[in-house]
**Student:** 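Input: one structure, supplied below.
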Amino acid sequence: MADPTAPRDDLDLPVRLGPRPPRRVVSLVPSLTEAVAATAPGLLVGATDWCSHPADLSVTRIGGTKNPDVPRILALAPDLVLANDEENRRPDLDALRAAGVPVWVTDIRTLDDAFRSLHRLLTTACGLPRPAWLDEAEAAWASVGSGGAPPEADGPRTVVPIWRRPWMVLGRDTFAGDLLRRLGLRLVHAAHPERYPAVPLPELLACQPELVVLPDEPYRFTAEDGPEAFPGTPAALVSGRHLTWYGPSLVTAPAVLRHALDHPLGPGGPGGPDAS
């Protein structure tokens, strides 16, 4: 029976933490890895192969976000595992819970969600003081735009691919979409029924976007791979970490993203038209 006094994660699931703050944490999410490492470097004992920040992170690697090595995680004897409802598979998290490991799951779809969730994860779940970088991130975004404000009426109509072969784009209710909306963009697919719809390239071109935003993750779009598919449309190459990660990167994300959006490649990019 669930403990009614146990703290609850973003999915409103009770997380039975120990009598003392966690001392051994495994993170299954790159942005959460960076958030914990920047706040309490010695707390992490395990992270995924995709956890690239901080660059000097030295912990046991436990596989990918979608295929973590559950036995290896259990061998680390963690006091807490950090996960995300979108990035991690529920069967893996259920297996960890069944083995007696507390799992804290985040669910982040807006910038405001990120600030609330990070505060609770770091202070309630990890038992840490609120870090200064989180205050700095909130301050950096405070002047960008209100979460309740409508998108700029004159902002460019924008398509945001996140994958190629097949083409997939940002749809409704996404963290990255909220950041771009705050920066004044009008996402063509913001009202799509799906969050990450697959849309054939001819349909994307038929939308006649005024800007295409190409992040370098999860698909690694580059100046030579992506812009050529949108002839006649300026293409902004942006840092995926600053667009999709919720953690210390939020401190510099407004400036980094603004610079990229203000300096797109010319229509079609350097490679010329290509409808592949």
Side-chain angles (χ1 to χ4, degrees), residues 7-13 15 17 21-70 72-73 76 78-90 92-93 96-97 101-138 141 174-176 178-179 217-218 239-253:
R8 292 178 175 269
D9 63 17
D10 290 357
L11 300 184
D12 199 32
L13 297 175
V15 182
L17 301 171
R23 297 178 183 174
R24 298 178 62 80
V25 172
V26 170
S27 172
L28 304 182
V29 186
S31 53
L32 299 182
T33 296
E34 185 180 20
V36 174
T39 308
L43 200 57
L44 286 168
V45 295
T48 75
D49 298 341
W50 299 104
C51 293
S52 57
H53 288 73
D56 61 351
L57 182 67
S58 179
V59 297
T60 298
R61 301 294 176 160
I62 49 75
T65 58
K66 304 295 186 186
N67 58 345
D69 188 329
V70 172
R72 182 176 294 182
I73 295 172
L76 292 172
D79 301 314
L80 180 66
V81 170
L82 306 178
N84 175 263
D85 190 49
E86 182 176 289
E87 291 201 43
N88 306 120
R89 298 173 60 252
R90 294 194 180 190
D92 297 321
L93 306 185
L96 292 168
R97 293 187 185 101
V101 177
V103 178
W104 186 280
V105 183
T106 60
D107 183 20
I108 296 172
R109 304 192 181 196
T110 68
L111 181 64
D112 290 338
D113 285 346
F115 289 143
R116 285 191 296 266
S117 182
L118 287 166
H119 174 82
R120 295 183 64 245
L121 180 145
L122 294 168
T123 62
T124 300
C126 294
L128 300 170
R130 179 181 169 90
W133 65 257
L134 189 52
D135 293 326
E136 294 168 7
E138 290 195 355
W141 281 96
T174 68
F175 173 74
D178 187 47
L179 297 195
E217 62 176 77
S239 160
R241 174 169 166 262
H242 289 92
L243 180 62
T244 65
W245 288 32
Y246 27 83
S249 59
L250 286 172
V251 175
T252 55

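We number each residue from 1, following the sequence as shown. Model, not experiment: these values are computed from the prediction.
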**Student:** When rounded to the nearest 0.5 angstrom, what distance separates CZ in Arg24 from CG in Leu80?
**Tutor:** 12.5 Å
**Student:** Do Asn88 and Thr65 pair up side chain to side chain, a donor and an acceptor below 3.5 Å, judged on atom types alone?
**Tutor:** no
**Student:** Determine the minimum heavy-atom distance between Ala176 and Thr244, stating which atoms define it.
**Tutor:** CB-CG2, 4.2 Å
**Student:** Do the non-hydrogen side-chain atoms of Leu17 and Asp79 ever get within less than 4.5 Å of each other?
**Tutor:** no
**Student:** Quick check: does any side chain N or O of Asp9 sit under 3.5 Å from a backbone N or O of Val105, one acting as donor and the other as acceptor?
**Tutor:** yes
**Student:** Does Trp141 use its side chain to pair, donor to acceptor, with the backbone of Leu250 at less than 3.5 Å?
**Tutor:** yes
**Student:** Working to the nearest 0.5 angstrom, can you tell me the gap between Leu32 CG and Ser117 OG?
**Tutor:** 7.0 Å
**Student:** Dump the intermediate steps for side chain to side chain contact (heavy atoms under 4.5 Å, CB included) on Leu28 and Ile62, then the final yes or no.
**Tutor:** CA-CA 8 Å; Leu28 304 182; Ile62 49 75; 3.5 Å; yes
**Student:** Measure the CD1-CZ distance between Ile108 and Arg116 for me, rounded to the nearest 0.5 Å.
**Tutor:** 10.0 Å
**Student:** Going by heavy atoms in the side chains, are Leu82 and Val29 under 4.5 Å from each other?
**Tutor:** no
**Student:** With rounding to the nearest 0.5 Å, note down the distance linking CG in Leu111 to CZ in Phe175.
**Tutor:** 5.5 Å
**Student:** Does Arg130 have more than 12 heavy atoms from other residues, nucleotides or ligands lying within 6.0 Å of its CZ?
**Tutor:** yes
**Student:** Could you tell me whether the side chain of Glu87 reaches within less than 4.5 Å of the side chain of Thr48, counting heavy atoms only?
**Tutor:** no
**Student:** Is the shortest heavy-atom distance from the side chain of Cys126 to the side chain of Trp104 under 4.5 Å?
**Tutor:** no
**Student:** Where is the tightest heavy-atom contact between Tyr246 and Ala114, given as atom of each residue plus distance?
**Tutor:** CB-CB, 3.8 Å
**Student:** Nearest 0.5 Å please: distance from the CH2 atom of Trp133 over to the CG atom of Leu118.
**Tutor:** 4.5 Å
**Student:** Are the side chain of Arg241 and the backbone N or O of Glu217 linked by a donor-acceptor pair below 3.5 Å?
**Tutor:** no
**Student:** Is the closest side-chain heavy-atom distance between Val101 and Ile73 below 4.5 Å?
**Tutor:** no
**Student:** Do Cys51 and Arg61 come within less than 4.5 Å of each other through their side chains, counting heavy atoms only?
**Tutor:** yes
**Student:** Is it true that a side-chain atom of Arg109 and a backbone atom of Asp178 form a donor plus acceptor pair closer than 3.5 Å?
**Tutor:** no
**Student:** Could you tell me the separation between the CD atom of Glu34 and the OG1 atom of Thr39, rounded to the nearest 0.5 Å?
**Tutor:** 9.5 Å
**Student:** Which heavy atom of Ala35 sits nearest a heavy atom of Leu122, and at what distance?
**Tutor:** O-CD2, 4.2 Å
**Student:** Please find the pair of heavy atoms, one from Ser52 and one from Trp245, that lie closest to each other, and give the distance.
**Tutor:** OG-CH2, 3.7 Å
**Student:** Kindly indicate whether the side chain of Val103, heavy atoms from C-beta on, has any atom under 4.5 Å from the side chain of Val15.
**Tutor:** no
**Student:** At their closest point, which heavy atom of Thr33 faces which heavy atom of Ser27, and how far apart are they?
**Tutor:** OG1-OG, 2.7 Å
**Student:** Taking the side chain from Asn84 and the backbone from Thr106, do they hold a donor-acceptor pair closer than 3.5 Å?
**Tutor:** yes
**Student:** Locate the shortest heavy-atom distance separating Ala125 from Pro22; write the atom from each residue and the value.
**Tutor:** O-CG, 3.3 Å
**Student:** Check this for me: does any side-chain nitrogen of one of Asp10 and Arg120 sit under 4.0 Å from a carboxylate oxygen of the other?
**Tutor:** yes
**Student:** Would you check if Leu44 and Val25 make a side-chain contact, meaning some heavy-atom pair closer than 4.5 Å?
**Tutor:** yes
**Student:** Keeping Asp107 on the side-chain end and Leu11 on the backbone end, is there a donor-acceptor pair under 3.5 Å?
**Tutor:** no
